[in-house]
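All remarks here apply to the structure that follows.
Residue numbers begin at 1 in each chain, while the letters A, B, ... track the order of the sequences. Below, each value reflects all heavy atoms present in this structure, side chains not excepted, and no hydrogens, waters or symmetry copies.
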Amino acid sequence: MKKASAETAARAEFLRCELAEHSHRYHVLDEPTIPDADYDRLLRELEAIEAAHPELIAPDSPTQRVGARPSGAFAEVRHEVPMLSLANAFTGEEVAEFVRRIRDRLDLHADASAMQFSVEPKFDGLAITLRYENGLFVRGATRGDGESGEDVTPNLRTIKAIPLRLRGTNVPEVLEVRGEVYMPRAAFEKYNEVARASDGKTKPMVNPRNGAAGSLRQLDPRITAQRPLAFYAYAIGAVDFGWNSDGALPTTHSRMLARLRDWGLPVSTLVETASGAEGCLDYYRRIGEQRDALPFDIDGVVYKVDVLAVQRELGFVGRTPRWAIAHKFPAQEQTTTVEDIIINIGRTGAATPAAKLKPVFVGGVTVTNATLHNIDQVARLDVRIGDTVIVRRAGDVIPEVAGVVIAQRPAGTQPWRMPERCPVCGSQIEREEGEAIARCMGGLSCAAQRIQAVFHFASRRAMDINGLGERLIEGLCDFGFVASVADLYRLTLVDLIEMKRLSDERDGTTPETVKGGKIATKWAENLIEAIDRSRRTTLARFLYALGIQHVGESTAKVLAAWFGDIGLVRTMPWPILKAVPDIGFEVARAIDHFFAQPGNQRVVDELLAHGVIIADAHRPIMKLSTALTPSRVLADMDIPRVTGKRSEQFAANAESLAAIARTSPKTWRAAGVPADTIEALQEFIATPDGHALFARCDDAMRLIREGSPKDGGETAGPLDGKIFVLTGTLTSMSRDEAKETLEALGAKAAGSVSKKTDVVVAGESAGSKLDKARELGIEVWDEARLLEFLARHPRL
DNA sequence: GCACCTCGAGTTCC
DNA sequence: CTCGAGGTGC
């Protein structure tokens with residue numbers, strides 16, 4: 001063996017110090033400063049060094065003992081049988097090696113049963129031991145360093161999953177049960193929800209394991225009792241049947257777990273037996289698939305040789321058994337540092353803080369950005385530039401900053417504050433009272449909002465301009481080729497190439513060339529073509545593309561269906577818009593406000609002038625015209641005291657709002673309207689705004705009446721009014737296509753299943769929506785049923 | 001006025 | 001996908 005270099009020796013010493021420190025923090029202070037994955041990595045590095053250079057093994061090396069001394073707050077308990085720690089495997093190869101080592105060691109007399117394993121999930125909680133004497137729970141302790149831990153009996157007694165007395169017969173005189181205290185995910189979420197609502201009085205927990213550890217180490221068991229902890233048993237320690245010698249223990253680990261279950265101890269239902277390395281790896285894969293759906297956190301699986309006699313024969317290396325190994329899942333948590341906290345300006349001006357991270361590999365991808373959502377979230381976490389943070393990428397795809405490692409905060413950091421001015425345009429950033437989000441007030445004069453507006457306009461569900469991405473839009477805006485979405489339809493090939501040249505020049509990038517040294521221009525041709533194609537569109541897409549606040553895809557569809565014409569929508573006063581179902585005060589006002597701005601009207605004019613064609617324009621539907629009575633519109637104006645009933649009195653026999661305005665108060669008094677209500681209406685009409693609103697509403701109502709078909713014109717599709725929900729993957733068409741087709745037949749496609757849903761179309765691997773549909777007894781179609789229906793009802 | 005349901009908007013990586 | 005907030009029915 002090669003002699004260790006001074007460098008290697010120094011590295012080993014460094015690792016020992018580092019590990020001792022983290023271990024102390026973890027076991028004694030309950031304040032983990034690095035995720036387990038990092039700890040494991042350091043430990044494995046040290047193990048590797050020590051394996052190569054045994055002379056470097058120091059008596060105080062963490063590889064020679066596990067954990068640190070318990071803190072003084074709880075009484076120390078010596079474990080009669082030491083609590084084990086397991087070796088870790090991270091790859092299938094390491095598991096195969098583990099199995100091979102066992103086979104080699106047992107070699108001559110190894111029969112098939114020696115290769116049987118009890119396989120179990122590895123709960124991410126806190127290992128404890130419970131002592132039962134004559135069936136009575138007498139003492140419980142944490143694992144501590146494996147030799148002795150802390151007496152947390154009063155706290156453990158509060159955990160309902162832990163039986164205070166064993167059930168059944170043949171209970172040993174002394175029984176020590178090993179298991180894991182954990183916090184179910186749902187309970188963890190609920191706890192944090194409450195904590196977050198408490199305005200900082202209760203701190204949220206970083207993760208369920210931390211929550212379990214913290215809860216168990218409460219000095220006051222009443223606090224522990226309020227924490228929703230649970231427990232699973234997975235092994236036994238000391239056992240003594242005393243004189244009752246006919247109660248011999250089972251001969252395999254799996255049967256022992258069954259026995260523990262008989263005694264009333266909770267044992268996970270996920271425990272199985274597996275045979276050989278393949279069996280273990282198959283279990284690993286299956287549990288891995290379920291991992292995100294489990295009600296508790298696990299960080300891997302454990303394989304244990306099932307036959308206890310074989311376990312005894314294999315014995316230990318140091319404190320880790322040769323007969324068991326923990327096979328860990330790839331980390332879904334990592335630490336990294338916050339290089340910067342920037343704010344992104346969205347289409348609506350929303351200023352959302354985001355952490356720029358030193359790249360880390362977590363959950364299968366490299367993460368460099370993580371949203372911090374809003375000011376409250378930053379304050380809650382107290383994330384600062386320079387901080388070391390724990391990044392998590394769990395079942396959901398989007399990475400989040402789970403917490404800050406306060407211990408590693410560099411000196412001189414400042415709490416982060418939302419800047420007062422927009423970093424892009426310098427406008428004021430304001431937060432509406434009671435709102436969660438701060439907004440840049442710059443509107444379209446803010447370059448960021450302009451770019452986002454154009455991006456939204458071009459997006460697939462809006463005008464669907466293929467190939468117009470954020471980078472290109474940035475260039476077009478920065479060099480003045482595009483100031484509003486209408487300018488897109490003015491662009492020429494020359495403009496695009498010139499823009500590209502300017503941005504290449506600015507960024508110092510060399511232009512891409514094709515064969516013959518010519519500058520690549522195909523993209524520009526394609527883009528011009530895509531822009532041209534987008535000219536022909538539908539009213540719903542057009543309205544959605546404009547990016548009116550609160551008008552998303554479905555509101556745009558509603559507007560398009562009811563008014564049918566852009567000329568109408570762009571002039572409607574809000575009380576008229578409000579008459580449409582699903583459009584309330586806020587949305588109606590937002591639409592009215594959008595079109596009240598001359599700049600926006602100009603953009604619409606220019607779009608139409610540049611050849612944008614709304615192909616599905618139609619007359620307003622009759623239902624709209626019938627819904628729009630003067631009394632209805634008056635009631636929707638929210639004039640103080642003028643309620644639905646009063647507005648009917650005002651509007652009795654009146655042809656229009658103007659007629660109402662002309663009517664003398666005497667007439668109403670005669671009809672029994674209270675004087676103060678009449679006064680309120682008169683006052684409203686007297687204001688310039690009120691007067692103008694009356695006139696606009698009258699005009700709008702006239703326009704709609706004149707535009708509406710006289711006959712019953714509208715054709716009802718075969719699925720009129722039916723609410724569909726699509727879920728899972730369809731093989732013959734995309735979900736969007738299916739949605740469009742169903743809508744063309746008159747159906748409405750909703751996002752989630754509820755009582756109102758008529759049909760759920762379930763494709764391949766449908767998930768929770770299908771379950772919910774079954775639960776509510778809603779009609780479910782598979783793809784074949786859908787296709788059959790569509791074949792019988794061709795699109796009109 | 002409150003509870004429930006939708007819809008809108010923002011987000012990450014490849 | 002998830003949160004926040006708007007719309008509507010009770």
Query raised in the report: Quick one: which of C/dG4, B/dA9, C/dG7 gets closest to the side chain of A/A436?
Result: C/dG4
[N] phosphate, OP1 or OP2: any side-chain N/O from [X] under 4.0 angstrom?
{"X": "A/N369", "N": "B/dC13", "value": "yes"}
{"X": "A/T348", "N": "B/dG8", "value": "no"}
{"X": "A/T368", "N": "B/dT12", "value": "no"}
{"X": "A/T555", "N": "B/dG8", "value": "yes"}

Requested in this report: Kindly indicate, with the supporting measurements, whether the criterion side-chain hydrogen bond (donor to acceptor under 3.5 Å, both in side chains) is fulfilled by A/R347 and A/Q449.
Outcome: CA-CA 5 Å; A/R347 172 165 64 85; A/Q449 289 185 56; over 6 Å; no
Query raised in the report: Do any pairs count as a ring-ring contact (aromatic ring centres under 6.0 Å, His included) and have a residue in residues 418-438 of chain A, sequence neighbours left out, and if so which ones?
Result: none
Expressed in angstrom and rounded to an integer, what is the separation of [X] atom [atom1] from [N] atom [atom2]?
{"X": "A/I548", "N": "B/dC7", "atom1": "CD1", "atom2": "P", "value": "17 Å"}
{"X": "A/F585", "N": "C/dG7", "atom1": "CZ", "atom2": "C1'", "value": "13 Å"}
{"X": "A/R431", "N": "C/dG4", "atom1": "CZ", "atom2": "P", "value": "12 Å"}
{"X": "A/K557", "N": "B/dG8", "atom1": "NZ", "atom2": "P", "value": "10 Å"}
{"X": "A/N374", "N": "C/dG4", "atom1": "CG", "atom2": "C1'", "value": "10 Å"}
{"X": "A/H456", "N": "B/dT11", "atom1": "NE2", "atom2": "P", "value": "15 Å"}
{"X": "A/L543", "N": "B/dG8", "atom1": "CG", "atom2": "P", "value": "12 Å"}
{"X": "A/H550", "N": "C/dA5", "atom1": "NE2", "atom2": "P", "value": "9 Å"}

Residues that [X] engages under side-chain contact (heavy atoms from CB on, under 4.5 Å), provided they are two or more places apart:
{"X": "A/V569", "result": "A/L543, A/F563, A/F595"}
{"X": "A/A651", "result": "A/P630, A/S631, A/I660"}
{"X": "A/R431", "result": "A/I375, A/D376, A/A438"}
{"X": "A/P353", "result": "A/I341, A/I343, A/L372, A/V378, A/W416, A/M418"}

Query raised in the report: Where each residue is assigned the nucleotide of DNA chain B containing its nearest heavy atom, which of A/V367 and A/R347 is assigned the position nearer the 5′ end?
Result: A/R347
With the criterion being N/O to N/O and under 3.5 Å, what pairs connect the protein with nucleotides 8-10 of chain C, and how long is each?
{"residue": "C/dT8", "atom": "OP1", "partner": "A/D582", "partner atom": "N", "Å": "2.5"}

Distance-only criterion, 3.5 Å: show the donor-acceptor pairs between side-chain atoms of residues 354-367 of chain A and protein atoms not counting sequence neighbours.
{"residue": "A/K356", "atom": "NZ", "partner": "A/N369", "partner atom": "OD1", "Å": "2.7"}

Query raised in the report: Would the number of heavy atoms belonging to other residues, nucleotides or ligands and lying under 6.0 Å from CZ of A/R417 be above 12?
Result: no
In residues 453-476 of chain A, what donor-acceptor pairs under 3.5 Å come from side-chain atoms, sequence neighbours left out?
{"residue": "A/H456", "atom": "NE2", "partner": "A/Y544", "partner atom": "O", "Å": "2.8"}
{"residue": "A/S459", "atom": "OG", "partner": "A/H456", "partner atom": "O", "Å": "2.7"}
{"residue": "A/R460", "atom": "NH1", "partner": "A/D736", "partner atom": "OD2", "Å": "3.1"}
{"residue": "A/R461", "atom": "NE", "partner": "A/E553", "partner atom": "OE1", "Å": "3.0"}
{"residue": "A/R461", "atom": "NE", "partner": "A/E553", "partner atom": "OE2", "Å": "3.3"}
{"residue": "A/R461", "atom": "NH2", "partner": "A/D736", "partner atom": "OD1", "Å": "3.2"}
{"residue": "A/E470", "atom": "OE2", "partner": "A/Q452", "partner atom": "NE2", "Å": "3.0"}

Report summary line: Ordered by number, residues from residues 337-346 of chain A within less than 4.0 Å of DNA chain C (heavy atoms) are none
